[in-house]
There are 2 protein chains.
Amino acid sequence: MSLEAIVYVVDDDAAMVESLSWIIESVGLKVKIFTQAQDFLDAYKPEQPGCLLLDVRMPGMSGPELQSKLLALNATLPIIFISGHGDVPLAVRVMKAGAVDFLTKPFNDQVLLESINRALRFDKTNREKQQENAQAEAKFALLSPREIQVLQGIVSGKQNKVISAELMISLKTVEAHRASVMKKMSVRSVPELVKLVLTNGVQDPVTQE
Amino acid sequence: MSLEAIVYVVDDDAAMVESLSWIIESVGLKVKIFTQAQDFLDAYKPEQPGCLLLDVRMPGMSGPELQSKLLALNATLPIIFISGHGDVPLAVRVMKAGAVDFLTKPFNDQVLLESINRALRFDKTNREKQQENAQAEAKFALLSPREIQVLQGIVSGKQNKVISAELMISLKTVEAHRASVMKKMSVRSVPELVKLVLTNGVQDPVTQE
DNA sequence: TAGAAATTGAGGGTTTTTCCCTACAAATTT
DNA sequence: AAATTTGTAGGGAAAAACCCTCAATTTCTA
């Protein structure tokens, strides 16, 4: 059971917000309004799927500032910026920072909805990946230190006797750990295990500059 | 031995080109100039590492048009757009299409060089990945149709007897193919094989089980 | 058309993995 | 104090994988 997507709108302009809501709701999407960036940040829940329609210029915290704070929180909610002013460097900066779109007023309803759909699709596939990753990590957490060492040996293609020599333990012990790893990771073959470890890499959160 | 990176500059403005060349060459980078997009396209060689500094507005083919054509060619050369006019929708469009940056004149030398460095790093890691991929694909090409079927079986964790039943051939034959696959792919263990197939994805047509 | 590669099958043997069982000491948790 | 987890280790047996050689088709290619 997954939650229904919510299109968050963060904009201080009452008329604009109303107009946006009307358009978005007209296609059956759920909308939540915030007139201040901080209010959104306070209410933000990472597990809620959706996307964020974010005004650039606002009193208090600006759109780009909110984007930075969300990035710092490792939030992956796709952001569509909305701006009334044609500031190219700003647009480029927020796009480079991961925004999925940057719309300038006035814009066509269809353009907006298309962008929102794209953002929601983006969010969905992203969440599915995170889901898999979380499940895999939960399994890794079940392994004891010794089991992890054996797992690494298996994944790098070492035979049990090699692992036993490296860890300076008996072949029998390696067999025991190996069986335990397979059980805890709930896989029935080595290829499955390798896939699980490889696709949902234990460490290395991909840091891009 | 890898080729030296080249910073391609495509711009019809002679003064601009000269200024850019001077800045880029001042840090020891190699530059090649084109005053028309078509000229670049004609001279373009996919195997040449580097990046592309591309003016938006030009007589004949525009910058974004060139970007489209390069995309159609599956070219992965990172593109930095240069524009004198603040066109936000255009900037957003080309960024969404994969441009690594979009600079507006006038810009600081340092900003330009930083962007170029980023683009070159981008290109380098990209090429390294493509390199690995190409090597893996070269190995895949060595496999006979039957061997590929057996490979798929192995990677999905099936035992030889299961594979033999599915392909309706003898266990001995599967063993023979299996050995042949390991040899041709130059791996010594199943985990290595799985990694090779997984990281350098060979899109397998969905096999019914 | 002759040779090379692919596909198939087999015999026979070794090595490795897997699975069943047992066992015990130390640390941790309940 | 009792139960569980972790790490250790062994015997024994079945299954699977890994080696080697040999050979009959078919199919592609020089």
Side-chain angles (χ1 to χ4, degrees), chain A residues 134-198 202-203, chain B residues 134-199 202-205 207-209:
Chain A
Q135 285 176 349
E137 282 198 47
K139 288 179 186 172
F140 281 119
L142 295 176
L143 301 181
S144 69
R146 215 48 165 170
E147 285 165 350
I148 290 176
Q149 288 183 297
V150 173
L151 168 61
Q152 290 172 339
I154 297 171
V155 172
S156 38
K158 289 170 186 160
Q159 292 178 334
N160 287 352
K161 65 173 182 180
V162 176
I163 299 173
S164 76
E166 282 181 357
L167 299 182
M168 291 191 290
I169 53 180
S170 145
L171 180 61
K172 278 295 176 180
T173 306
V174 175
E175 285 178 15
H177 286 314
R178 185 170 184 140
S180 178
V181 167
M182 299 292 279
K183 191 179 178 185
K184 286 185 178 175
M185 302 295 281
S186 54
V187 292
R188 330 192 80 218
S189 68
V190 173
E192 277 182 78
L193 185 65
V194 175
K195 276 188 231 172
L196 192 64
V197 173
L198 232 68
V202 201
Q203 60 275 57
Chain B
Q135 286 176 348
E137 281 197 47
K139 288 180 185 172
F140 281 119
L142 295 175
L143 301 180
S144 69
R146 215 49 164 170
E147 285 166 349
I148 290 176
Q149 289 183 296
V150 172
L151 168 61
Q152 290 173 339
I154 298 171
V155 172
S156 37
K158 288 170 186 158
Q159 293 176 338
N160 286 352
K161 65 173 181 179
V162 175
I163 299 173
S164 76
E166 282 181 357
L167 300 181
M168 292 190 292
I169 54 180
S170 144
L171 180 61
K172 280 292 175 182
T173 306
V174 175
E175 285 178 10
H177 285 316
R178 184 170 185 140
S180 179
V181 167
M182 300 290 280
K183 189 180 179 184
K184 285 185 179 176
M185 302 297 281
S186 53
V187 291
R188 330 193 80 218
S189 68
V190 173
E192 277 181 80
L193 185 65
V194 175
K195 277 187 231 172
L196 193 65
V197 173
L198 232 68
T199 60
V202 161
Q203 62 285 24
D204 34 20
T207 42
Q208 68 283 5
E209 59 209 82

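Near DNA chain D, defined here as any heavy-atom distance below 4.0 Å, the residues from residues 142-149 of chain A are A/Ser144, A/Pro145, A/Arg146, listed numerically.
The nearest whole Å value for the distance from the CZ atom in B/Arg188 to the P atom in C/dT16 is 13 Å. Distance A/Glu175 CD to D/dA16 P: 16 Å, rounded to the nearest Å. Atom CG in B/Leu193 sits about 13 Å away from atom P in D/dA17, given to the nearest Å. Atom-to-atom, CD1 of A/Ile169 to P of C/dA25 comes out at 19 Å; the value is rounded to the nearest Å. Between the CD1 atom of B/Ile163 and the C1' atom of D/dC18 there is a distance of 14 Å, given to the nearest Å. Atom-to-atom, NE2 of A/His177 to P of D/dG7 comes out at 6 Å; the value is rounded to the nearest Å. Between the NZ atom of B/Lys161 and the P atom of D/dC18 there is a distance of 16 Å, given to the nearest Å. Rounded to whole Å, the distance from CG on A/Leu167 to P on D/dA9 is 11 Å.
Using a 4.0 Å heavy-atom cutoff across all strands shown, A/Lys183 reaches no nucleic acid atom at all. At a threshold of 4.0 angstrom between heavy atoms, the contacts of A/Thr173 include nucleobase atoms, whether or not backbone atoms are also involved.
The closest side-chain heavy-atom distance from A/His177 to A/Ile154 is not below 4.5 Å. A/Leu167 is listed as a side-chain neighbour of A/Arg146, based on a closest heavy-atom distance under 4.5 Å. A/Pro191 is listed as a side-chain neighbour of B/Val190, based on a closest heavy-atom distance under 4.5 Å. A/Met185 is listed as a side-chain neighbour of A/Phe140, based on a closest heavy-atom distance under 4.5 Å. Counting only heavy atoms from C-beta outward, the side chains of B/Val150 and B/Leu143 never approach each other to under 4.5 Å.
Among the nucleotides C/dT8, D/dA9, D/dG7, the one closest to the side chain of A/Lys172 is D/dA9. Out of C/dT17, C/dG9, D/dA17, the shortest distance to the side chain of A/Gln159 is found at C/dT17. The side chain of A/Arg178 has C/dT17 as its nearest neighbour among D/dG7, C/dT17, D/dC18. Here D/dT6 is the nucleotide among D/dC19, C/dT8, D/dT6 with the atom lying nearest to any side-chain atom of A/Lys184.
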- request: Start with the C-alpha gap between A/Glu175 and A/Arg178, add the side-chain angles, then the distance that decides, and say whether salt bridge (Lys or Arg N to Asp or Glu O under 4.0 Å) holds.
  value: CA-CA 5 Å; A/Glu175 285 178 15; A/Arg178 185 170 184 140; over 6 Å; no
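For C/dT17, one of the phosphate oxygens OP1 or OP2 lies less than 4.0 angstrom from a side-chain nitrogen or oxygen of A/Asn160.
Positionally, the nearest nucleotide of DNA chain D for A/Ser180 lies more toward the 5' end than for the other of A/Ser180 and A/Leu171.
Applying the salt bridge (Lys or Arg N to Asp or Glu O under 4.0 Å) definition to pairs two or more places apart or across chains, none involves residues 189-198 of chain A.
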